Amino acid sequence: MKEELEKRYDPASFEQRIYATWEKEGYFTPIADPERPKFSIVIPPPNVTGRLHIGHALVNTLQDIIVRWKRMSGFNTLWLPGTDHAGIATQMVVEKHLAAQGISRFDIGREAFVERIWEWKEQHSTEIKDQLTRLGASCDWSRERFTLDEGLSQAVRYVFVKLYEDGLIYRDLAMVNWCPQCRTAISDVEVEFEERQSKLYHVDYPVDGTDRRLTVATTRPETMLGDTAVAVHPDDERYADLIGNSIRLPLTDRSIPIIGDAILVDPEFGTGVVKVTPAHDKNDYETGLRHQLAQLQVIGEDGRMLPAAGEAFANLDRFEARRRVLAMLEEQGLLLKAQDYTHSIGIHGKCATVIEPMVSRQWFVKIAPLAGPAIEAVRNGSVQITPQSWESTYFNWMENIHDWTISRQLWWGHRIPAFHCPNGHTTVTMDDPTQCPQCGSAVTQETDVLDTWFSSGLWPFSTMGWPDEKAADYETFYPTDTLITGFDILFFWVARMIMMGLRFTGKAPFSQVFLNGLVRDEQGQKMSKTKGNVIDPLDVVNEVGADALRFTLAVSASGRDIPLGKSRIQGYSAFVNKIWNASRFAMMHIDDSLKDAPPIERDRLRTVERWILSRLNAVTAEVNKQLSLFRFDEASNALYQFFWHEFCDWYIEMAKPVLLGRSGTDDDRKLAHRVLLEVLDRSLRLLHPFMPFVTEEIWQKLGGVEPSIMIAPYPMTEKDLEDPDAERLMNATKAIITAVRNARAERGFTPKDRFRLHVRGASDRDSNFFRDYAYLLTDLARLDEVSTEGEPPAEAHQDVVEGFHIAITFPEKVVTQEQLDRVRREIERGEKELAALDAKLANEQFLQNAPPIVVQTAQARQAELRTRLGMLQQNQ
RNA sequence: AGUCCCCUAGCUCAGCUGGUUAGAGCGCUACCUUGACACGGUAGAGGUCAGCGGUUCGAGUCCGCUGGGGACUACCA
């Protein structure tokens, strides 16, 4: 039956208890029901590197909102959780951890090191689950996956073998992005570009057999030790005659050719002479191929100079070598100048080390055959990206995509299933070969592992039992419906999933993608530890509860970046508090539980009740619509406005006289109780996806048929509840009350002072409304009498609002200068508006072209304004 | 360099396919401890919608240009 709520809203007292109940009851697990349509979504697997940050809180809150909404809306709903092994990132974290104990991974060896990472992983995936739990994420934990799980690893191997057999995976010697810190190759998307202040050095190279010199311009003088040519533009008059000659490379004993190359050289830039280092620069590498130049590697995998760089430089760090080279050039008078130069350089996003382009034997995915269908899928709408503006970014990238470097020289990850024999044969099969199938000799497995994103690219189907196409989850839940993730992994992850999904399952892995923005601080700054403006989601949950955090994130999420500050969170935690208190009030008057409540008899309802139900119906429509558009901000804001400013501020206040027995009959009271219960019930259900805990805590006390609000049906619109006439009358009521309060405050009266009000509507019916519902006005506008008959007293303050003439009789005419000024300003504003309206309505073009409703509105406004201005002047 | 986004109240933002008196939250001012809530209530101040030009009967909304800010991609000897 009826239960009381605690006086104080204290989220900590119930949130964790409620989550445990949900999980225990199995509400997160989809119920196999062929009658229900399915809805599925996979979590963007967080890295097992550490704690979740506010961005995770955002993306998972948004997913949970959609998931809870769909589940309540009758879908057989799966939200599949899990974590990503995050190759480099995790390996780095654990290495750092070990380094603190003075251990390097090489000390303990690959096997022991990987074992350490597994320990780390166990610990952190538990922590991640705990954090998601605190947020209220309704993930089906019975299906939790990890990218290195047995099943997922099988999928990875299957895909690798298949792509290899299809000729889409190949191994080759090529220019790659090398990170000397992590000592591994990385893919193009992992390289971030940073603008840096640098120098453009002009260095003289003496031409052999003459006393001429060519001046090259370079930002990386240390790579000159690996130069194997100097290039000029073939049409450049200054140097064309030198093509074919050779040059003495300073600091070395080598002579290198002068070549003409129109692709590499822009005669306008620098000196028009380019040094060519095919082993350490992407463009030089290609130039080298065009001219069959030697590739002389002078920088090693650790970023130190190799013996080939010469005795003076061997073993120096590349930046140290740069200083040494410059000093020696200076000594020899070959360094002409060093001009300031700002350019962007490639940085490894994970460790901030400057990338060293290097020629290396690596594994690649031939991407064009995969990209084509993925472009088409977005173009033809089988995958929709929201906000839509990201589509052009997607196309732009996909159309210019390069082959994907997938091998990593790491220990943590899926080891590449390729086996080599001493005779140079490579075997790639589903099962490990015991000997080389071609020559019978012993084989050893490739030591490299795969790029983390190779396995995450399969996530929507590898988590569901694929490649077994008969796996129950795969059959039921694949393809998934919605993907919610940050825009920062559009290329890393989203694009790869689309490519892999289409290639291997023949279907796009999801039909809708919502890309959320970055969470920033309230000044719009990126959150970072160094700036100290980081908000830890768990701190917020501990302080104000998960519901307030979730609602704040939702109401801020329009698809753009989100400025999140303490004050904003505080503001919305006030809303949760408001819900709590309004519910407490309602529950003091509700006498039936939801289960026992009789159906509402529509035709016995008073206008006020019909009005609030009509508004509730409108907000129900709005929330459902906005959620389907991923407008979390609009959906949550509509609920906020309705619950606080319509339900609490107006409906509850209007119901009080009846509820408290000051007005109306017992029947009226019973109906008000019933409607209060109805509105509260539906509001809580509408709010549940946004604030699951507080709505559950309150709803439990309302005694519903279902054991939990999270499996109760989500409200849908009902045509019967629409009532435009009730809305019109209540709008007028609200406007009249506001007008009276306004006049009261203007004249400096306090709420204790009471006046007489005369109201007259445009029709008898309207006037009679206030004869029947005078108590609404007397209570809320604090009046002692409301009359609807006869004429208003001449000395009364008169106004016209929403088509009703009102006249307030104040006990005495206290008029301040301030008030006079205000009225004068109001009249001036009105006159201006009226003049504009008059002009508009006198315009034949307007009358002809504007839709009739616009003209009518303008005419009505004109009429009301005229009357009103007259009254305001008379009030003076 | 290319693509995209943004510039609306002191701050952070909403304003959908052009049409009422341009809205919200926070902040600010005044009043109110009214039997759910001071994390409350009531009233109020505050905007030449970045600037210029165009289309239109009508532009915060569409188009162009300028200025300012941001994101991404590519290149940069």
Side-chain angles (χ1 to χ4, degrees), chain A residues 5 7-9 189 193 200-202 216-220 223 231 264-266 269-277 281-284 341-345 387 389-393 395-397 400 487-488 490-491 517-518 522-524 544 548 555-556 558 560-565 567-568 570-589 629 631 633-634 637 640-641 645 648-649 652-653 656 660 738 741-746 748-752 779 782 822 829-830 833 837 840 843-851 853-855 857-858 860-861 865:
Chain A
L5 280 180
K7 187 158 168 50
R8 209 172 63 86
Y9 164 61
V189 272
F193 286 90
L200 186 62
Y201 301 99
H202 290 232
V216 302
T218 180
T219 52
R220 299 201 57 196
T223 63
L264 181 70
V265 185
D266 169 8
F269 186 91
T271 57
V273 185
V274 185
K275 58 191 273 312
V276 186
T277 323
D281 182 280
K282 213 173 163 188
N283 291 309
D284 292 6
Y341 185 60
T342 307
H343 69 145
S344 53
I345 54 169
S389 53
W390 285 108
E391 281 184 5
S392 58
T393 308
F395 291 134
N396 201 319
W397 187 74
N400 298 297
F487 66 81
D488 50 324
L490 177 59
F491 307 140
L518 208 65
E522 45 202 336
Q523 267 82 44
V544 296
V555 87
S556 315
S558 62
R560 291 193 216 299
D561 285 357
I562 295 171
L564 185 72
S567 67
R568 211 173 161 86
Q570 222 85 55
Y572 288 105
S573 77
F575 178 47
V576 187
N577 189 57
K578 186 78 181 176
I579 291 171
W580 184 266
N581 282 300
S583 303
R584 221 158 66 79
F585 173 79
M587 283 156 75
M588 291 172 180
H589 298 285
L629 299 172
R631 287 305 300 262
D633 55 336
E634 296 284 0
N637 197 43
Y640 179 97
Q641 294 302 329
H645 299 305
C648 293
D649 287 354
I652 288 184
E653 293 308 320
K656 270 181 184 171
L660 301 174
T738 303
R741 286 169 173 170
N742 186 337
R744 171 197 307 276
E746 265 181 9
F749 290 109
T750 74
K752 290 195 178 74
D779 238 63
R782 302 196 157 258
R822 189 178 314 184
R829 236 180 295 147
E833 193 196 333
L837 271 173
K840 200 182 215 181
N843 184 340
E844 277 301 316
Q845 301 268 44
F846 173 71
L847 296 174
Q848 267 170 32
N849 293 316
I853 183 73
V854 175
V855 179
T857 316
R861 176 73 189 153
L865 210 53

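Chain letters run A, B, ... following the sequence lines, proteins first, then strands; residues in each count from 1. Remember, it's a predicted structure, so these values are computed and weren't measured experimentally.
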So what does [X] touch, heavy atoms closer than 4.0 Å: a base, only the sugar-phosphate, or nothing?
{"X": "A/P851", "answer": "base"}
{"X": "A/Q848", "answer": "nothing"}
{"X": "A/Y201", "answer": "nothing"}
{"X": "A/F491", "answer": "sugar-phosphate"}
{"X": "A/R560", "answer": "sugar-phosphate"}
{"X": "A/R584", "answer": "sugar-phosphate"}
{"X": "A/S556", "answer": "nothing"}
{"X": "A/R782", "answer": "base"}
{"X": "A/K656", "answer": "base"}
{"X": "A/I652", "answer": "base"}
{"X": "A/A745", "answer": "sugar-phosphate"}
{"X": "A/H202", "answer": "nothing"}
{"X": "A/D266", "answer": "base"}
{"X": "A/S573", "answer": "base"}

Out of [options], whichever nucleotide has its closest atom nearest the side chain of [X]:
{"X": "A/S392", "options": "B/C4, B/A24, B/C32", "value": "B/C4"}
{"X": "A/A582", "options": "B/A36, B/A71, B/C26", "value": "B/A36"}
{"X": "A/P751", "options": "B/U42, B/C32, B/U20", "value": "B/C32"}
{"X": "A/N849", "options": "B/C37, B/A43, B/C57", "value": "B/C57"}
{"X": "A/N577", "options": "B/U21, B/C37, B/G41", "value": "B/C37"}
{"X": "A/R631", "options": "B/A14, B/A36, B/A24", "value": "B/A14"}

Could you tell me how far apart [X] ([atom1]) and [N] ([atom2]) are, to the nearest whole angstrom?
{"X": "A/F585", "N": "B/U34", "atom1": "CZ", "atom2": "P", "result": "15 Å"}
{"X": "A/H645", "N": "B/A24", "atom1": "NE2", "atom2": "C1'", "result": "8 Å"}
{"X": "A/L5", "N": "B/A36", "atom1": "CG", "atom2": "P", "result": "14 Å"}
{"X": "A/H343", "N": "B/A1", "atom1": "NE2", "atom2": "C1'", "result": "17 Å"}
{"X": "A/Y572", "N": "B/C39", "atom1": "OH", "atom2": "P", "result": "18 Å"}
{"X": "A/K578", "N": "B/G41", "atom1": "NZ", "atom2": "C1'", "result": "8 Å"}
{"X": "A/L564", "N": "B/C13", "atom1": "CG", "atom2": "P", "result": "12 Å"}
{"X": "A/F575", "N": "B/G25", "atom1": "CZ", "atom2": "C1'", "result": "12 Å"}

* Asked: Would you find a donor on one side and an acceptor on the other, under 3.5 Å apart, between the side chain of A/N396 and the backbone of A/S392?
  ->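 No, the answer is negative, given that no donor and acceptor are paired below the 3.5 Å cut-off.
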* To do: State whether the side chain of A/R744 and the backbone N or O of A/R782 hold a donor-acceptor pair below 3.5 Å, judged by distance alone.
  =>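 Looks like yes, one N/O pair under 3.5 Å.
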Might you point out which heavy atoms bring [X] and [Y] nearest each other, and give the distance in Å?
{"X": "A/T218", "Y": "A/R220", "value": "OG1-N, 2.9 Å"}
{"X": "A/L5", "Y": "A/S583", "value": "CD1-CB, 3.8 Å"}
{"X": "A/T271", "Y": "A/H202", "value": "CG2-ND1, 3.2 Å"}
{"X": "A/N637", "Y": "A/V555", "value": "N-CG2, 4.0 Å"}

* Asked: When you match A/N742 and A/Q641 each to their closest nucleotide on RNA chain B, which lands nearer the 5' end?
  ->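 Comparing both residues, the 5'-ward one is A/Q641.
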* Closest nucleotide of RNA chain B for A/D561 versus for A/V265: which of these residues is on the 5' side? ->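 That would be A/D561.
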If we call it a pair only when both distances are under 3.5 Å in a Watson-Crick or G-U wobble match, what pairs with [N]?
{"N": "B/G44", "result": "B/C28"}
{"N": "B/C72", "result": "B/G2"}
{"N": "B/C39", "result": "none"}
{"N": "B/U34", "result": "none"}
{"N": "B/A14", "result": "none"}
{"N": "B/A22", "result": "none"}
{"N": "B/G60", "result": "none"}

* Do the numbers put A/K656 on top of the ring of A/F585, so that NZ or CZ is under 6.0 Å from the six-membered ring centre and no more than 45° off the axis? -> yes
* Asked: Can you find a donor-acceptor N/O pair under 3.5 angstrom joining the side chain of A/R829 to the base of B/U21?
  -> no
* Asked: So, does the side chain of A/E653 form a donor-acceptor pair with the base of B/A36 at under 3.5 Å?
  ->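 It does, because a donor-acceptor pair links the side chain of A/E653 to the base of B/A36 below 3.5 Å.
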Using atom [atom1] of each nucleotide, how far apart are [N] and [M] to the nearest Å?
{"N": "B/U55", "M": "B/G18", "atom1": "C1'", "value": "11 Å"}
{"N": "B/C31", "M": "B/G25", "atom1": "P", "value": "22 Å"}
{"N": "B/G53", "M": "B/A59", "atom1": "P", "value": "13 Å"}
{"N": "B/G27", "M": "B/G10", "atom1": "C1'", "value": "7 Å"}
{"N": "B/G2", "M": "B/A45", "atom1": "C1'", "value": "47 Å"}
{"N": "B/U66", "M": "B/U21", "atom1": "C1'", "value": "33 Å"}
{"N": "B/U61", "M": "B/A22", "atom1": "P", "value": "15 Å"}
{"N": "B/G67", "M": "B/G15", "atom1": "P", "value": "27 Å"}

* Asked: Angle class for the A/W580/A/Y9 ring planes (parallel below 30°, perpendicular above 60°, tilted otherwise)?
  -> tilted
* To do: Could you check whether the rings of A/W390 and A/F487 sit parallel, tilted or perpendicular, using 30° and 60° as the cut-offs?
  =>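 Rings of A/W390 and A/F487: parallel, under 30°.
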* To do: Measure the spacing between NE2 of A/H343 and CG of A/L200 and express it to the nearest 0.5 Å.
  =>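 One gets 8.5 Å once the value is rounded to the nearest 0.5 Å.
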* Does A/K282 have a side-chain nitrogen or oxygen under 4.0 Å from the phosphate oxygens OP1 or OP2 of B/C75? ->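 Looking at the OP1 and OP2 atoms of B/C75, one of them is under 4.0 Å from a side-chain N or O of A/K282.
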* Does the side chain of A/R741 get closer than 4.0 angstrom to OP1 or OP2 of B/A43 through an N or O atom? -> yes
